[in-house]
Amino acid sequence: MSVMAELIDPAVLDRTDVWRVAGLELQSRVLLGTSRYPSLQTLLNALDASGAELVTVAIRRINLADASEDESLLGTVRARGVHLLPNTAGCYTAKEAVLTAQLAREALETNLVKLEVIGDDETLYPDAVQLLKAASELVADGFQVFAYCGDDPITARKLADLGCAAVMPLAAPIGSGMGLVNPYALRIIRELLPDTPLIVDAGLGTASDAARAMELGYDGVLLNTAVARAEHPVLMAEAIRHAVEAGRLAFRAGRIPRRLYAKASTPDTGLIEVDRER
C-alpha cells in the first residue's frame with residue numbers, strides 16, 4: 001500500500017459501502033418500481049440487472065390475495081429474495097394513505113411503507129399538508145415510513161423530525177423523465193439532513209440523472225418509468241446500476257471546486273524562461 005493510501009480513512013477505500021435504512025442493511029442503492037413493464041419476465045430481468053434489493057409495489061393497483069401465489073407479481077418478486085416496499089400510490093388524503101398502509105402491513109407482513117399522498121391529477125405533486133398528517137399517524141403506529149415529497153427543504157425537514165425512516169424528494173414530476181430540475185434544492189435538503197437517509201424519487205429519465213443524484217450525496221435513487229418504459233428496460237436497469245455506483249464513488253472521492261476561470265494543472269515552478277517578445 002502506498003503512503004498516500006495509508007493516510008486515507010479505510011472506510012473511504014471500502015468498496016462494499018453498505019447503507020442502512022429502516023433496519024435494513026443494503027448493498028445496492030437502486031430501488032426499483034414494478035409498474036408498466038412490457039411483461040413480468042422483463043421486470044424480473046430488470047430487477048436482476050439493476051441489483052435492486054428494495055422493490056416498491058403499488059398496493060391499490062395489485063391483488064393482495066395473490067401475495068402467496070408463486071406465479072403472481074408479488075410471489076415472483078418475493079422469490080428473488082428482495083425486500084418489498086408497499087406504496088400508497090393513488091391516495092389523495094391522509095385517511096386513504098393510512099388505511100392503505102394498514103392493509104399492506106396485514107397482507108404482506110411488513111412495517112415498511114412508501115408514503116405517497118398526491119395533490120392533483122395533473123402534476124401528481126405531493127400534498128404537503130396531507131403527507132405530514134399521514135406520516136405522523138403512521139410513524140406513531142409503528143411503520144417505517146419512506147416519505148415521498150416535493151423538493152421543499154422545509155417539508156423534508158419536518159418529515160425527518162416526525163421520525164420517517166427515509167425522506168424521498170422528487171427530482172421532477174412522476175414519469176416525466178425530466179431529470180434533476182432543481183439540484184439546488186436537493187443539495188440544500190442533503191445539507192439540512194446529513195444523518196437522514198435520502199432517496200431521490202420520481203422524474204429521473206436515464207443513467208446520467210441517477211449519477212448526478214448520487215454525486216449530490218443522496219443515499220439512493222428510486223426509478224420506475226425510466227426503466228420500465230425504456231426501449232430496452234433490462235439494458236437501462238444495468239446502466240442505472242453502474243451510474244449509481246459511479247456517482248456514489250465520485251461523491252466519496254470529493255470533486256474539485258468549480259471555478260469561473262482556468263487554472264493550470266502543471267506547477268509554475270521550474271518553468272524554462274522564454275523571451276516572449278519577437
Side-chain angles (χ1 to χ4, degrees), residues 19-26 28 30-36 40 43-44 47 52-119 124 126-149 155-156 158-170 174 196-199 201-202 219-220 222-224:
W19 65 297
R20 295 168 181 81
V21 58
L24 303 176
E25 186 173 280
L26 305 172
S28 174
V30 178
L31 287 72
L32 212 60
T34 53
S35 301
R36 305 185 68 192
L40 179 57
L43 163 61
L44 297 177
L47 283 176
E53 298 170 282
L54 193 56
V55 176
T56 66
V57 289
I59 294 304
R60 301 190 70 181
R61 295 169 183 159
I62 60 173
N63 186 357
L64 290 176
D66 293 338
S68 60
E69 297 293 329
D70 291 341
E71 295 182 1
S72 69
L73 184 150
L74 288 175
T76 52
V77 169
R78 274 180 159 175
R80 283 297 197 275
V82 300
H83 301 282
L84 290 181
L85 177 61
N87 70 53
T88 62
C91 292
Y92 289 80
T93 67
K95 183 177 180 179
E96 282 182 303
V98 169
L99 177 59
T100 302
Q102 291 170 339
L103 290 173
R105 178 165 64 182
E106 182 177 347
L108 303 179
E109 299 180 337
T110 180
N111 285 326
L112 302 178
V113 64
K114 180 192 170 189
L115 177 60
E116 296 184 30
V117 188
I118 302 303
L124 298 181
D127 183 321
V129 174
Q130 294 295 311
L131 173 65
L132 290 166
K133 181 179 179 182
S136 178
E137 294 182 27
L138 290 172
V139 170
D141 194 22
F143 281 89
Q144 295 284 353
V145 177
F146 291 63
Y148 167 64
C149 64
T155 300
K158 288 182 177 180
L159 289 166
D161 290 344
L162 285 173
C164 290
V167 177
M168 307 176 72
L170 57 76
I174 292 173
T196 300
L198 295 179
I199 301 164
D201 181 16
D219 297 287
L222 192 154
L223 307 99
N224 192 159

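Values in this document were obtained by computation on a predicted structure and should not be read as measured data. Each residue takes its place number in the sequence, starting with 1. Side chains included, hydrogens not; waters and symmetry mates left out as well; all remaining heavy atoms used.
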Inset, instruction - Using the test side-chain hydrogen bond (donor to acceptor under 3.5 Å, both in side chains), find all partners of N87 that sit at least two apart in sequence or belong to another chain. - result: none

Taking distance alone, no hydrogens or angles, what donor-acceptor pairs closer than 3.5 Å link side-chain atoms of residues 96-108 to residues at least two apart or in another chain?
| unit_1 | atom_1 | unit_2 | atom_2 | d |
| --- | --- | --- | --- | --- |
| E96 | OE1 | Y92 | N | 2.7 |
| E96 | OE1 | T93 | N | 3.2 |
| E96 | OE2 | R60 | NH1 | 3.3 |
| T100 | OG1 | E96 | O | 2.8 |
| R105 | NH1 | N111 | OD1 | 3.4 |
| R105 | NH1 | D141 | O | 3.0 |
| R105 | NH2 | D141 | OD2 | 2.8 |

Legend entry - T56 side chain to L85 backbone, donor-acceptor under 3.5 Å: no

Legend entry - Side-chain touch V55/L47, heavy atoms, less than 4.5 angstrom: yes

Legend entry - Residue pair L73 / L43, side-chain heavy-atom distance below 4.5 Å: yes

Inset, instruction - Would you confirm whether Q130, through its side chain, and A94, through its main-chain N or O, come within 3.5 Å as a donor-acceptor pair? - result: yes

Inset, instruction - Could you tell me whether the side chain of V21 reaches within less than 4.5 Å of the side chain of F146, counting heavy atoms only? - result: yes

Inset, instruction - Kindly indicate, with the supporting measurements, whether the criterion side-chain contact (heavy atoms from CB on, under 4.5 Å) is fulfilled by L84 and L112. - result: CA-CA 8 Å; L84 290 181; L112 302 178; over 6 Å; no

Legend entry - Minimum heavy-atom distance A135-L159, with the two atoms named: CB-CD2, 3.8 Å

Legend entry - For T155, all residues meeting side-chain hydrogen bond (donor to acceptor under 3.5 Å, both in side chains), sequence neighbours excluded: D152

Inset, instruction - Taking all non-hydrogen atoms of both residues into account, name the closest pair between L74 and V57 and its distance. - result: CD2-CG1, 3.9 Å

Inset, instruction - For D219 and I199, indicate whether the former's side chain and the latter's backbone hold a donor-acceptor pair under 3.5 Å. - result: no

Inset, instruction - First locate atom CG of L170, then atom SG of C149, and finally report the distance between them rounded to the nearest 0.5 Å. - result: 7.0 Å

Legend entry - Flag side-chain contact, heavy atom, 4.5 Å: D201 against K114: yes

Inset, instruction - Grab the two heavy atoms, one from R20 and one from P197, that are nearest each other, plus how far apart they are. - result: O-CG, 4.0 Å

Inset, instruction - Write down the atom of V113, the atom of L138, and the distance for their closest heavy-atom approach. - result: CG1-CD1, 4.3 Å

Legend entry - Any donor-acceptor N/O pair, E53 side chain to S28 backbone, under 3.5 Å: yes

Legend entry - Minimum heavy-atom distance between L32 and A52, given as atom pair plus value: CB-CB, 4.1 Å

